[in-house]
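The structure under discussion appears below in the form of structure tokens.
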Amino acid sequence: MTKLLIKNDYPTNLESFLLNRLKKISEDNFKGYDPYDGCSSRFKLLSFNRYTRLFSQYFNKFSPLNIRPFFGIDKQVFPQVPAYFGLSVFKLGVHDQFKDELDWAVQYFQDISLKNKYGYHCWNSIGFPLQMRSGYSEVDVPDVVGGSLIGRYLLQYYLYHPREEVKEVILSQYYFFLNELYVDLGEQGFIRYRPNQPKHKITYNASLLACKFLMEVDKHFDTDSSVILKKCFELVINRQKGAGQWYYTINLNTMSEKKQVDFHQGFILDAILDYIESSKNDGKFLTAYKKGLEFYYNNQFMKSGQGIYRYPKKWPVNIHNQSQGVTTFSRAGQFDPKFMEFAQTIADWTITHMQDKRHGHFYYLKYPFFINKVPYIRWSDANMLLALTNLINASKQLKN
């Protein structure tokens, strides 16, 4: 696999590459590994208690060698992957070439839905239990981050293949977000990351990613969540820091925030831009967006296109930072051509430094002196696939 040179052969070579990656994911039946799949071992010893789960979780996450077969961790389908795949297919306009895969994904999402437990269609979008230092999450707990991604895919599918049962699934998740996860705080509000998340803990980017899905549903169906949307966006822009960044979470009981600044900044910026375009409401929202965008541009990336891990910590380079930078800056190109140029710079740097030249997959982490080259289908490849697709589309729109 020869490396891509976007600026020298763009976008034809890039489109060909993406089509080949889509075919590869299909040939692999959407199966692969993930940096966070350490708790999905078949060996009960590794899931025995919190400490064994933590060991397997973090050892597999950071190991530069893929020893998962020895840990009894098999390749599997992660629900976000068919959603990334489907959105990329529709955005590239090659849906006729992947009709069987798109149909399969719709049925797959209906089959794994947690509706029987929660009364609404919803999904655990990673597809495996997760043990972090902050707590343990079972595989039957839905989330809004990947859930909104799945919902957006189903909506795109419906627009091309309007089937009533698909519409029912979309609306079911829509009302799950509104009826079960929304927390009203008076003039502000937010949508919880998971149904078991305390009502005093806000994850800024997760709330707005859920809002992205609500906005898209409102655009195409006879629904209206405008009052709730405004409250959610009001809360987040009011928590923006003076320099333009957002932290990760806030505890409303203590008003303490988790001071983590990384690719989630891009999630928030994209959602605010969606809200501006959807509601025709710029004003302070546009001011917050541009301020956050300048912070993202000046502080979270080097001019070479290399992303900063967690501001101000430079290393390691995380592929998620790279993919989100491509998406966010390509969309921001409508405000200043320098952002589109920078999106291409990030893509070039990523392809040069974090793409396997033989097989074409993207690497997870790059350190100063070595690279974690374990292929991860959800965290790395599917994410970059959609990011590069967004880059192509944004470039074409600017030219038109």
Exercise for review: Could you pull out all residues at least two apart from Y296 that satisfy ring pair (Phe, Tyr, Trp, His ring centres under 6.0 Å)?
Suggested key: F301, F329
**Study point:** N/O donor-acceptor pair under 3.5 Å between Q173 side chain and G147 backbone
**Key:** yes
Practice item. Before giving the answer on side chain to side chain contact (heavy atoms under 4.5 Å, CB included), spell out for N299 and I308 the whole-Å C-alpha distance, their side-chain angles and the decisive distance to 0.1 Å. Key: CA-CA 8 Å; N299 297 282; I308 302 298; over 6 Å; no
Review point. Does V145 share a hydrophobic cluster with V261, counting links as ILVMFWY side-chain heavy atoms below 4.5 Å and allowing steps through other members?
Key: no
**Study point:** S41 side-chain N/O to F71 backbone N/O, donor-acceptor pair under 3.5 Å
**Key:** yes
Practice item. Sorted by first residue and then second, give each ring-ring contact (aromatic ring centres under 6.0 Å, His included) pair with at least one member in residues 184-219; sequence neighbours left out. Key: F177-F213
Review point. Any Lys/Arg nitrogen of D381 or R21 sitting under 4.0 Å from an Asp/Glu carboxylate oxygen of the other?
Key: yes
Review point. With the threshold set at 4.0 Å, does a side-chain nitrogen-carboxylate oxygen contact exist between R194 and D143?
Key: no
Review point. Aromatic ring centroids of Y376 and Y363 under 6.0 Å?
Key: no
**Study point:** Cation-pi, F221 ring and K167 (6.0 angstrom, 45 degrees)
**Key:** yes
Point to revise | Main-chain N/O of M384 paired to S323 side chain as donor or acceptor, under 3.5 Å | key: no
Practice item. For the pair E101 and K23, evaluate salt bridge (charged side-chain N to carboxylate O under 4.0 Å, His left out) and give the outcome as yes or no after the intermediate values. Key: CA-CA 10 Å; E101 290 87 346; K23 291 177 180 177; over 6 Å; no
Check your understanding: Sequence neighbours excluded, which residues qualify as ring pair (Phe, Tyr, Trp, His ring centres under 6.0 Å) partners of Y175?
Key -> none
Point to revise | NZ (K303) with more than 12 external heavy atoms under 6.0 Å | key: yes
Review point. Strictly by modelled atom types, are Q197 and R192 linked by a side-chain donor-acceptor pair under 3.5 Å?
Key: no
Practice item. Go through the structure and list residues passing side chain to side chain contact (heavy atoms under 4.5 Å, CB included) with S279, not counting sequence neighbours. Key: Y275, N281
Review point. Between E277 and R331, is the closest basic N to carboxylate O distance under 4.0 Å?
Key: yes
Review point. When the ring centroid of F342 is compared with that of Y297, is the distance short of 6.0 Å?
Key: yes
Check your understanding: For D262 and Q260, does a side-chain donor sit closer than 3.5 Å to a side-chain acceptor?
Key -> yes
Exercise for review: State whether the side chain of S40 and the backbone N or O of D37 hold a donor-acceptor pair below 3.5 Å, judged by distance alone.
Suggested key: yes
Review point. Counting N and O atoms only, with roles assigned by atom type, does the side chain of Q188 sit under 3.5 Å from a partner on the main chain of C232, one being a donor and the other an acceptor?
Key: no
Review point. Is the side chain of N29 donor-acceptor paired with the backbone N or O of K31 at a distance under 3.5 Å, no angle test?
Key: no
Review point. Does the pair Y84 and I25 meet the rule for a side chain to side chain contact (heavy atoms under 4.5 Å, CB included), with working shown?
Key: CA-CA 11 Å; Y84 278 124; I25 291 175; over 6 Å; no
Taking only distance into account, with no hydrogens and no angle test, what donor-acceptor pairs under 3.5 Å do side-chain atoms of residues 149-157 form with protein atoms, sequence neighbours excluded?
| from | atom 1 | to | atom 2 | distance (Å) |
| --- | --- | --- | --- | --- |
| Y153 | OH | L102 | O | 2.8 |
| Y157 | OH | D103 | OD1 | 2.5 |
| Y157 | OH | R163 | NH1 | 2.8 |

**Study point:** Check: H95 ring centroid to Y160 ring centroid under 6.0 Å
**Key:** yes
Check your understanding: Is it true that the side chains of Y36 and K61 contain a donor and an acceptor less than 3.5 Å apart?
Key -> yes
Check your understanding: Side chains of N251 and S256: is there a donor and an acceptor less than 3.5 Å apart?
Key -> no
Exercise for review: Flag the pair W379 / H320 as yes when their ring centroid distance falls below 6.0 Å, and as no otherwise.
Suggested key: yes
Practice item. Classify the angle between the aromatic ring planes of W123 and F109 as parallel (below 30°), tilted (30 to 60°) or perpendicular (above 60°). Key: perpendicular
Practice item. State plainly whether the residues E294 and K338 are in salt-bridge range, i.e. N to O under 4.0 Å. Key: yes
Exercise for review: Apply side chain to side chain contact (heavy atoms under 4.5 Å, CB included) to F62 and list each qualifying residue two or more places apart in sequence or on a separate chain.
Suggested key: Y58, L365, Y367
Practice item. Go through the side-chain N and O atoms of D348 and Q344 and say whether any donor and acceptor fall under 3.5 Å apart. Key: no
Check your understanding: Is K396 salt-bridged to E15, cutoff N-O under 4.0 Å?
Key -> yes
Review point. Has the side chain of S330 got a donor or acceptor atom that lies under 3.5 Å from a matching backbone atom of T327?
Key: yes
Practice item. Tell me, with the steps shown, if Y364 and Y33 meet side chain to side chain contact (heavy atoms under 4.5 Å, CB included). Key: CA-CA 11 Å; Y364 166 44; Y33 294 115; over 6 Å; no
**Study point:** F78 ring center within less than 6.0 Å of F30 ring center
**Key:** no
Practice item. May I have the step-by-step check of salt bridge (charged side-chain N to carboxylate O under 4.0 Å, His left out) for D34 and R378, ending in yes or no? Key: CA-CA 6 Å; D34 190 83; R378 179 186 72 98; 2.7 Å; yes
Review point. Are I237 and L235 in one and the same hydrophobic cluster, where Ile, Leu, Val, Met, Phe, Trp and Tyr link if side-chain heavy atoms are under 4.5 Å apart?
Key: yes
Exercise for review: Output yes when R239 and E234 qualify as a salt bridge under the 4.0 Å nitrogen-oxygen rule, no when they do not.
Suggested key: no
Check your understanding: Would you call Y174 and S225 a side-chain contact if the rule is heavy atoms closer than 4.5 Å?
Key -> yes
